[in-house]
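Contents: one structure, followed by commentary.
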Amino acid sequence: MTTLRIVLGDQLTRSLASLRDYQRGDTVLMMEVVEEATYVKHHKQKMVLIFSAMRHFADELSRQGCSVDYVRLDDPTNTGSFTTEVQRAIARHMPTRILATEPGEWRVLEMMKGWGAEILSDDRFFATPASFAAWALGRKQLRMEFFYRDMRRLSGLLMEGDDPVGGQWNFDHDNRKALPKDVIPPNRRRFEPDAMSREVMEMVAARFPDHFGELEPFGWAVTRDDALEALDHFISHCLPRFGDYQDAMKQGNTFLYHSVISPYLNIGLLTPREICNRAQEAWSRGDAPLNAVEGFIRQILGWREYVRGLYWLKMPAYGASNFLEAHRPLPAFYWSGKTDMNCMAQAIGDTQRHAYAHHIQRLMVTGNFALLAGLEPTEVEQWYLLVYADAFEWVELPNTHGMALFADGGVMASKPYAASGAYIDRMSDYCDGCRFKPEVKLGPKACPFNYLYWDFLIRNEAKLKSNPRMAMPYRTLAKMEAERKADIVRHAGKFLAAL
Ligand code: FAD
Ligand code: DLZ
Ligand code: SF4
């Protein structure tokens, strides 16, 4: 009996369900296919990361004695899609059994159902789609905080018996500091591309020159050993201050105290359990404070698992809603980074250079602008899916559609994350270098986020006013004079028409 064991580009984990009980005579199938490379025009660094990590992973498996059938993108017989490559592999190997692990995207699951494979549960996560559905059943509202508390209890992370360590589930109130001028974050841990990565870089440069972003400098880890080193670097040098400066933004410093491990987690080089354990151990040793460690573990054990559960619960219908009826096309500066709004230019520039921006840049700068300006959700979602090295639909879609754009009408977030220029000014130094001024509300010097914020509330009043968490801004709006409101709408209309 020979088994064909399929491993996709985001399943590079030795203990993967479809790999772990490999036996002599089995074949591991890995495929570089143009359909996956082009279903959106992925950032060039994302493509190098995935192809190079796939090739390194295949080499590692071969060294461990596994027989790997690796189809390269430049193989002249490559037919370009997962389904046709699986069919060719079946003809080559005549397996008696095909094993696959459930993929990260609904689109790929639909394909996979036609492969004749046994589809195994992806148990690299803390929760399964079924356990999330059971948690969600009968709840009027799905809120991350309650899901997270259950995950703490189930995982035992940061627990003292039935209680959270430190007597609190959440230390977020300690975690909203701007970065003081004299606090200098450590450099990101970079990895020089080896010969294999260089070869992939040449292929990507030649075959996908019109894809988004800059190819060099490429500094991502492409092996588990290097990803572990990046994790070590974070735990030792960044975790202690992660909580304090989690929401801060600084011009010229893309990474601050963030872990920059999401691409490694999402393609399987690291697993969520080992990362959370490492963070908990740092707290136990007294090397990192609880507000930092709890804040970090919540991102992985809470948010990451919650968005995955929500994705599988709501797909395929999830992306189809457009609660705020937003239809404005994505402005060209999302691609070029050329805009006078310095916060947008910085967040998009970081994204072009590194295939990375941290959460607050994604949510409160580019996401906030898309929300306020009423940009078409499908266009914004496609942008987020292709520009970041960590972007896979299961995690990108709920974050963009639900959290940033409120296009699901409040399934994911209890209120829209809408903010004026004051928020960006408080959390960053971007406004210092901007031709607009955050304290100016109207006129040529006014920060566009200011009038766009109030215009957003006016435009969506019928849909948002009854939301209890929006009561305060709507009370302020109610007190505003009609003439001022008309001025705001005029300013916003002129700005949006010129986009
Ligand atoms: P850190 O700040 O160091 O956090 C640690 C880890 O927590 C991350 O590596 C990540 O695995 C997890 N995490 C944190 N926040 C979230 C979240 N909201 N959802 C899921 N996991 C989270 N994350 C992706 O992995 N892929 C995406 O395609 C993606 N798209 C996003 C789109 C938008 C509009 C927004 C607002 C957020 C998106 N996120 C996405 C979540 C988050 O921004 C990134 O996970 C984070 O910025 C990655 O950087 P880091 O590893 O330095 O994270
Ligand atoms: C993102 C991506 C790219 C660019 N290329 C490949 C590929 O050639 N082969 C592969 O197995 N996976 C690739 N991926 C990741 C897949 O798109 C990913 O497996 C799906 O998004 C399912 O999560
Ligand atoms: Fe952004 Fe407004 Fe600040 Fe300029 S003034 S950086 S547009 S928030």
Side-chain angles (χ1 to χ4, degrees), residues 6-11 30-40 42 46-47 49-51 54 71 73 82 85 103-105 107-109 112 144 234 238-239 242 246 255-267 272 275 295-308 339-346 356-367 369-370 380-381 384-385 387-401 403-405 417 419-425 428 430-440 445-450:
I6 298 172
V7 175
L8 302 180
D10 56 354
Q11 299 183 334
M30 296 180 70
M31 309 157 272
E32 294 177 1
V33 292
V34 76
E35 190 174 74
E36 292 306 307
T38 54
Y39 76 93
V40 291
H42 307 278
K46 177 183 179 186
M47 301 186 71
L49 168 73
I50 290 174
F51 291 143
M54 283 175 70
V71 184
L73 199 71
F82 280 152
E85 280 310 297
E105 301 193 354
R107 173 185 69 81
V108 181
L109 180 62
M112 196 179 260
M144 198 290 290
F234 166 73
C238 303
L239 179 61
F242 172 85
Q246 196 179 344
F255 307 105
L256 297 155
Y257 290 94
H258 289 272
S259 65
V260 202
I261 52 161
S262 47
Y264 311 141
L265 251 173
N266 294 352
I267 66 173
I275 295 171
F296 180 69
I297 287 180
R298 175 153 31 92
Q299 305 309 314
I300 294 173
L301 180 67
W303 280 112
R304 188 168 184 269
E305 298 287 328
Y306 175 77
V307 301
R308 178 170 182 260
T339 161
D340 286 347
M341 291 176 283
N342 191 40
C343 52
M344 292 290 282
Q346 295 303 323
Y356 178 91
H358 72 65
H359 187 67
I360 295 302
Q361 293 176 296
R362 298 186 204 195
L363 183 64
M364 300 309 294
V365 181
T366 45
F369 183 86
V380 181
E381 285 148 24
Y384 278 100
L385 185 58
V387 301
Y388 292 114
D390 59 22
F392 295 88
E393 195 188 64
W394 67 268
V395 54
E396 173 276 324
L397 188 63
N399 271 301
T400 311
H401 194 76
M403 197 189 301
L405 300 179
Y417 282 90
S420 67
Y423 175 86
I424 296 173
D425 189 32
S428 78
Y430 294 152
C431 302
D432 300 347
C434 188
R435 92 162 171 83
F436 302 112
K437 298 291 156 230
E439 64 282 3
V440 182
K445 286 259 165 219
C447 165
F449 282 84
N450 290 341

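Just so it is clear, the values below take in all heavy atoms, side chains as well, and ignore hydrogens, waters and symmetry mates. Remember, it's 1-based here, ligands and their atoms both numbered in the order they're listed.
Within ligand 2, counting atoms from 1 as listed, the ones closer than 4.0 Å to a heavy atom of Ile50 are 1 (C), 2 (C). Short contacts between ligand 1 and Thr400, defined as distances under 4.0 Å to a heavy atom of the residue, involve ligand atoms 32 (C), 34 (C). Residue Met31 approaches ligand 2 through these ligand atoms, each under 4.0 Å from one of its heavy atoms: 7 (C), 8 (O), 9 (N), 10 (C), 11 (O). When each atom of ligand 1 is checked for a heavy atom of Phe242 under 4.0 Å away, the hits are 1 (P), 2 (O), 3 (O). Counting atoms of ligand 2 from 1 in the listed order, those under 4.0 Å from a heavy atom of Ala37 are 4 (C). Per-residue contacts place Arg107 under 4.0 angstrom from the following atoms of ligand 2 (heavy atoms of the residue considered): 17 (O), 21 (O). Residue Val108 has at least one heavy-atom neighbour below 4.0 Å for each of these atoms of ligand 2: 20 (C), 22 (C).
In Phe234, neither the side chain nor the backbone holds a heavy atom less than 4.0 Å from any atom of ligand 1. Only the side chain of Met403 comes within 4.0 Å of ligand 1, counting heavy atoms alone; its backbone N, CA, C and O stay farther away. At a 4.0 Å heavy-atom cut-off, ligand 2 does not touch Trp394 at all.
Remark: ligand 1 and Ile261 share an N or O pair separated by less than 3.5 Å (distance only, no angle test). Looking at Glu105 next to ligand 2, an N or O pair under 3.5 Å apart turns up. Looking at ligand 1, you won't find any N or O of His358 less than 3.5 Å from one of its N or O atoms. Of the N or O atoms in His42, none lie within a sub-3.5 Å distance of an N or O in ligand 2. Not one N or O of Trp303 is nearer than 3.5 Å to an N or O of ligand 1, by distance alone. Considering both main-chain and side-chain atoms, Gly9 comes within under 3.5 Å of ligand 2 through a nitrogen or oxygen pair.
With distances taken over non-hydrogen atoms, the option nearest atom 11 (O) of ligand 1 out of Leu265, Leu239, Val387 is Leu265. For atom 42 (C) of ligand 1, the choice among His359, Met144, Gln361 with the nearest heavy atom turns out to be His359.
Heavy-atom separations between Tyr384 and ligand 1 include at least one value shorter than 4.0 Å. Distances shorter than 4.0 angstrom occur between a heavy atom of Tyr356 and an atom of ligand 1. Heavy-atom separations between Met54 and ligand 2 include at least one value shorter than 4.0 Å. Using a 4.0 angstrom heavy-atom cutoff, Pro398 does not count as in contact with ligand 1.
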Checklist entry - Stepwise, does the side chain to side chain contact (heavy atoms under 4.5 Å, CB included) test hold for Leu397 with Asn399? => result CA-CA 5 Å; Leu397 188 63; Asn399 271 301; over 6 Å; no

Checklist entry - Would Asn266 and Arg304 count as a side chain to side chain contact (heavy atoms under 4.5 Å, CB included) if you check the C-alpha gap in whole Å, the side-chain angles of each, and the deciding distance to 0.1 Å? => result CA-CA 10 Å; Asn266 294 352; Arg304 188 168 184 269; 2.9 Å; yes

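Under 2.8 Å from atom 4 (Fe) of ligand 3, one finds the following protein N/O/S atoms: Cys434 SG.
Judged by distance alone, the side chains of Gln361 and Tyr430 do bring a donor and an acceptor atom under 3.5 Å apart. For the residue pair Ser262 / Tyr388, no side-chain donor-acceptor distance below 3.5 Å is found, with atom types taken as modelled. For the residue pair Tyr39 and Glu105, a side-chain donor N or O sits within less than 3.5 Å of a side-chain acceptor on the partner.
Distance check: Arg298 CZ to Met144 CE gives 5.5 Å after rounding to the nearest 0.5 Å.
Note on ring orientation: taking the six-membered ring where Trp is involved, the planes of Phe234 and Phe242 are perpendicular (angle over 60°, cut-offs 30° and 60°).
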